[in-house]
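Only one structure is covered here, and it is reproduced in the block below.
Protein chains get the first letters and strands the later ones, always in sequence-line order, with residue 1 at the start of each. Worth saying up front: this structure is predicted, and the values here are computed from it rather than measured.
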Number of protein chains: 2
Amino acid sequence: MKRRTIKDIAKESGFSLSTVSLVLNNHPRISQATRDRVMAVVKKYNFFPNSAARGLASKSSKTLSVVVPNLTRVFSDIYLGELISGIYERATSQGYKILLDIATSQFIKTQEYTKLLASRRADGMLFIASDIHADYLGVFEDSPYKFLLVNHVFPGKKLNYVSVDYAASARTAAEHLLGLGHRKIGLIAGTNTFTGLQFRDEFLRTCKTWPAGAAQVAWVDGGEEWSQRGGYAAAAKLMAQTPDLTAIMAANDRMAIGAMRWLADNRREVPEAVSVMGVDDIQLAAYVNPGLSTVRHDLYQVGIESCNRILQLIKGEITECSDLLPTSLVVRGSTDRARGSK
Amino acid sequence: MKRRTIKDIAKESGFSLSTVSLVLNNHPRISQATRDRVMAVVKKYNFFPNSAARGLASKSSKTLSVVVPNLTRVFSDIYLGELISGIYERATSQGYKILLDIATSQFIKTQEYTKLLASRRADGMLFIASDIHADYLGVFEDSPYKFLLVNHVFPGKKLNYVSVDYAASARTAAEHLLGLGHRKIGLIAGTNTFTGLQFRDEFLRTCKTWPAGAAQVAWVDGGEEWSQRGGYAAAAKLMAQTPDLTAIMAANDRMAIGAMRWLADNRREVPEAVSVMGVDDIQLAAYVNPGLSTVRHDLYQVGIESCNRILQLIKGEITECSDLLPTSLVVRGSTDRARGSK
DNA sequence: ATCTTTAGGTAAATCGCTCGACAAGGCAAG
DNA sequence: CTTGCCTTGTCGAGCGATTTACCTAAAGAT
């Protein structure tokens, strides 16, 4: 089976090279009759135009680079699944393919992130792997490359982003707990990302300035991985140093569930003794017992929107982007009025 | 910042186009001195050769297509994470990039799987998403396209594959339980993949022909998703229809953990009342209480090996491939001698 | 001193497609 | 019967690399 080219199709169909090309690109220039005759031949040979040639001539690869974090178990993170599904769905619908990369140290060191765009292997890059040490991303400030941080922000650097509004999220969570009368709260924070820091700071601020009376917040770091295990350990630490707190807020659901586990293992009733609240609204949040109150982050939507934006950047429809998507409160059984509050 | 080409590098360095190209490709033809002078210019401009042009001229995209299952929560599956990490690591080390695709109905319907290879967008395809209905994969029999099933097999079709040896796995598991004296066993099977069927059949066969006395096996389907929830429901069903079984074997760890959960919820001690065994050895298997006995499947290794093989197929070093990788028994606390057996 | 090698470079023909400029034919209007 | 405009198709100049011969000068062989 010989490899066909557009030339063969032209010859066989009796039209010119250009005509075939125009047909293949759905150019309105071509009449339906011609289109049909050409397509018949295309179908007959099951022909697909060579994408390298196409890319070379058109100066576009129709490819998006997606960079995910270098966590060994990265794909076990529901977080990524939602995000990538959203990106994939939108990219595909626009005829774009996805080039997957993992932000390994190798990837960073060889500046693969630049290379991908400089070599035009990808038209744009969606970066899901940022943390507070990702200074190398500075190359994308004011660069001609199309770059977007997904569900991350980088204060101090002029980088495009689409993210959930972590500060708003913190406010929502804090207000929920404060409204329930909690005045001694433990916070399990994630401090290795800027969004994590934003969340922590806004949570603290909201508690400190609550009109009905400021709340004391003791916070600990839940660990780099924001994992259930980290949450478990963090809860232990919090309860040891502040035994009388009435609520634990965790920066994500996994840590919250870890905390609930510790409380269960140590005979503290949730929510009677301690209320627990998370962030994200992962599937599991609804299944634990009691159900976890949380702030819903629609990561699928973030994926969709991120992809929309990077495509607009590529097309030149916009030149920068800093979207913050809304979040919403989800109340389940794990939070209730603080004990001792009326 | 104008876009440079190899021509600019040639001009600036004083060498010919061809020389620059040879340098960029590490061709031994070029002397170190020349190489250095050219590379200096390349570095200076931070030049990276246009990959479309490269692909067009060299007839190779240096890209691998990886197709993953269309499960909404696909990425939450640890299974995939291991596999993809292995593939990524090997592909990257060989200079290949990964194009990610999800086997949506759209993907199947538009024959995207053919298109990717026909358009030379990818040099080969690693398919992780096969099930017993994937007849369309027939196009890859005797085709010039480089195609490989990852951790799947397709009896009846001449397709390349690299998979864990599910039959061996079944034997290992069965022998472990039989050796512990179990003679009434419940099997939670996965029946929507051929490997799942192989596992089931070999498990049943081994139990039936055990020299020290055949065991009775009642089996149920654990559901399309091989999920914890499916395992939970399956355990309930098994225990209802065969209350006196002494062991439950699940075709993967997640279902096994679901089964353990049901047993715990219904006051059946593991392993005293019922032994439970899984397959895969996911991280969680070591954390549940008691630890889950299982058959270890090294999916990371499957990823590595799959990638090795597809690259060999692409290079023409081999023309077909049907590798079965070994598995190993991991005994933890969830299995013990059958009650009533000495 | 002449003839081979060999090492190091280069010219030029592709690779397969896109797209702006141009052409031909048909038809309405002047 | 021109002229001008529309519609539909074609020409051909790139796009930016790779790669195969071929070339030249210097080193080795005799």
Donor-acceptor contact present, side-chain [X] to main-chain [Y], <3.5 Å:
X	Y	value
B:His152	B:Thr193	no
B:Ser61	B:Arg121	yes
B:Ser93	B:Arg90	yes

Output the rounded distance in Å from [atom1] ([X]) to [atom2] ([N]).
X	N	atom1	atom2	value
A:Ile30	D:dT10	CD1	C1'	10 Å
A:Arg120	D:dA17	CZ	P	12 Å
A:Arg121	D:dG16	CZ	P	17 Å
A:Phe15	D:dT8	CZ	C1'	10 Å

Margin query: With salt bridge (charged side-chain N to carboxylate O under 4.0 Å, His left out) as the criterion, how do B:Lys146 and B:Asp123 come out once you've worked through the C-alpha distance, each side chain's angles and the decisive distance to 0.1 Å?
Written below: CA-CA 7 Å; B:Lys146 310 309 179 183; B:Asp123 297 341; over 6 Å; no
Item checked: Protein-to-nucleotide contact annotation, 5' to 3' order, nucleotides 16-27 of chain C [B base; S sugar-phosphate only; - none; under 4.0 Å, heavy atom] -> BBBB--B-----
Checklist line | Rounded to 10 degrees, the angle between the two terminal axes of the helix from C:dA1-D:dT30 to C:dG30-D:dC1, each from five pairs | finding: 50°
Check: Do the rings of B:Phe127 and B:Phe147 sit parallel, tilted or perpendicular, given the 30° and 60° boundaries?
Finding: tilted
Check: Mind checking whether A:Glu305 and A:Asn308 have side chains closer than 4.5 Å, heavy atoms only?
Finding: yes
Checklist line | Short side-chain donor-acceptor distance under 3.5 Å, A:Ser21 and A:Ser18 | finding: no
Notebook entry, point to check: Looking at CG of A:Leu100 and CG of B:Leu64, how far apart are the two atoms once the value is rounded to the nearest 0.5 Å?
Noted result: 12.0 Å
